[in-house]
Amino acid sequence: MMSEIPHLDCGQAAFFFDFDGVLAPIVDDPLGVSVSPIIRQGLRDIHNRAGGAVAIISGRELAQIDRFLAPLELPAAGIHGAERRRPDGRFEHDEIDAAILKHAGERVMAFTSRHEGTLAETKNASVAVHFRKRPDLEAAAQEFMRDLVAELGHGKLVSGKMVVELKFSDRTKGDAILHFMEADPFSGRRPVFFGDDITDEDGFQIVNSMDGISVKVGSGETRARYRLDDTSAVESWFTTVCRHPRGEASHNNLGRAS
Ligand SMILES: O=P(O)(O)OC[C@H]1O[C@H](O[C@H]2O[C@H](CO)[C@@H](O)[C@H](O)[C@H]2O)[C@H](O)[C@@H](O)[C@@H]1O
């Protein structure tokens, strides 16, 4: 059952966007993603029309988000909320044990060097094994990461799209959205969050609890209340919501998730 979302006034909304699978299509190489000119312009427009209440909520490090969106530098949460750039530009991050992080990084790199086609990603607060090019190694990657958690006695596993990640911060994307919603220019507005992956479900839950608008991009079970098919549909949504005079969108192409 698909239906349009209610009237959306950019002047009253706070916008949160996941990055991969929402602003950029999923590709094989995590460093090979690109953001279309339409999405870039859409982010700029919506940032202006929403009085700056726009943030990126990603599993990636902020440095990567900034590189992909340059020269745009938006408020953002990276590594699922472990690092944050506040609306005033201040950067803050959770303290992570450097020795544990280093050891975990070495262990995942050793694993991926033994398994051709897998890829290690080491971040400031987590480590990950990608198996997009070797889906046959998913079970081995999951087992390896479970063993690593047991060995370290620390951290939490989260699964994403063809990736398993060991996080050393307890924060979730829901915490990150709450964090922004407590401060200007986000506070008092209605949250709107677009996500595509399992880790976005925490964000959908928080947004739903605030009577916000949660949008799942792509297929699959979700807590989100609305759905868009893919990143092309996100592009179309941007052109609809941002081009309305007065920054309002009385109709758009969002459909209910269920
Ligand atoms: O929270 P997000 O902004 O959606 O980030 C989630 C993860 O995205 C990246 O991995 C995913 O996208 C890659 C590029 O399309 C793809 O190759 C990979 O299979 C996906 O899992 C990123 O590398 C991770 O660090 C993010 O956590």
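For the numbers below, each heavy atom of this structure counts, side chains included, while hydrogens, waters and symmetry mates do not. Atoms within a ligand are numbered from 1 in the order they appear, just like the ligands themselves.
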Which protein N or O atoms sit under 3.5 Å from any N or O of ligand 1? Give each pair with its distance.
from: ligand 1; atom 1: 1 (O); to: Asp18; atom 2: OD1; distance (Å): 2.7
from: ligand 1; atom 1: 1 (O); to: Gly59; atom 2: N; distance (Å): 2.7
from: ligand 1; atom 1: 1 (O); to: Lys173; atom 2: NZ; distance (Å): 2.5
from: ligand 1; atom 1: 3 (O); to: Asp18; atom 2: OD1; distance (Å): 3.0
from: ligand 1; atom 1: 3 (O); to: Phe19; atom 2: N; distance (Å): 3.2
from: ligand 1; atom 1: 3 (O); to: Asp20; atom 2: N; distance (Å): 3.2
from: ligand 1; atom 1: 3 (O); to: Ser58; atom 2: OG; distance (Å): 2.6
from: ligand 1; atom 1: 4 (O); to: Asp18; atom 2: OD1; distance (Å): 2.7
from: ligand 1; atom 1: 4 (O); to: Asp18; atom 2: OD2; distance (Å): 3.1
from: ligand 1; atom 1: 4 (O); to: Asp20; atom 2: N; distance (Å): 3.2
from: ligand 1; atom 1: 4 (O); to: Asp20; atom 2: O; distance (Å): 3.1
from: ligand 1; atom 1: 5 (O); to: Asp20; atom 2: OD2; distance (Å): 3.3
from: ligand 1; atom 1: 8 (O); to: Asp20; atom 2: OD2; distance (Å): 3.0
from: ligand 1; atom 1: 12 (O); to: Asp20; atom 2: OD1; distance (Å): 3.4
from: ligand 1; atom 1: 15 (O); to: Val27; atom 2: N; distance (Å): 2.8
from: ligand 1; atom 1: 15 (O); to: Val27; atom 2: O; distance (Å): 3.2
from: ligand 1; atom 1: 17 (O); to: Val27; atom 2: O; distance (Å): 2.6
from: ligand 1; atom 1: 17 (O); to: Asp28; atom 2: O; distance (Å): 3.2
from: ligand 1; atom 1: 19 (O); to: Arg132; atom 2: NE; distance (Å): 2.6
from: ligand 1; atom 1: 19 (O); to: Arg132; atom 2: NH2; distance (Å): 3.2
from: ligand 1; atom 1: 19 (O); to: Lys161; atom 2: O; distance (Å): 3.1
from: ligand 1; atom 1: 21 (O); to: Lys161; atom 2: O; distance (Å): 2.6
from: ligand 1; atom 1: 23 (O); to: Glu121; atom 2: OE1; distance (Å): 2.9
from: ligand 1; atom 1: 23 (O); to: His130; atom 2: NE2; distance (Å): 3.4
from: ligand 1; atom 1: 25 (O); to: Glu121; atom 2: OE1; distance (Å): 2.9
from: ligand 1; atom 1: 25 (O); to: Glu121; atom 2: OE2; distance (Å): 2.9
from: ligand 1; atom 1: 25 (O); to: Lys123; atom 2: NZ; distance (Å): 2.7
from: ligand 1; atom 1: 27 (O); to: Lys123; atom 2: NZ; distance (Å): 3.0

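The backbone N or O of Asp200 sits nowhere less than 3.5 Å from a side-chain atom of Arg223 that would complete a donor-acceptor pair.
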Hey, can you pull the donor-acceptor pairs under 3.5 Å for the side chains in residues 143-155, sequence neighbours left out?
from: Glu151; atom 1: OE1; to: Arg107; atom 2: NE; distance (Å): 3.0
from: Glu151; atom 1: OE1; to: Arg107; atom 2: NH2; distance (Å): 2.8
from: Glu151; atom 1: OE2; to: His103; atom 2: NE2; distance (Å): 2.7

Side-chain donor-acceptor pairs under 3.5 Å in residues 177-184, sequence neighbours left out?
from: His179; atom 1: NE2; to: Glu92; atom 2: OE2; distance (Å): 3.2
from: Asp184; atom 1: OD1; to: Ser187; atom 2: OG; distance (Å): 3.1

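Sequence neighbours left out, the pairs with a member in residues 18-27 that pass side chain to side chain donor-acceptor pair (under 3.5 Å) are Asp18-Lys173, Asp20-Arg60.
A salt bridge links Asp94 with Arg84; the closest basic N to acidic carboxylate O contact falls under 4.0 Å. A salt bridge links Asp66 with Arg85; the closest basic N to acidic carboxylate O contact falls under 4.0 Å.
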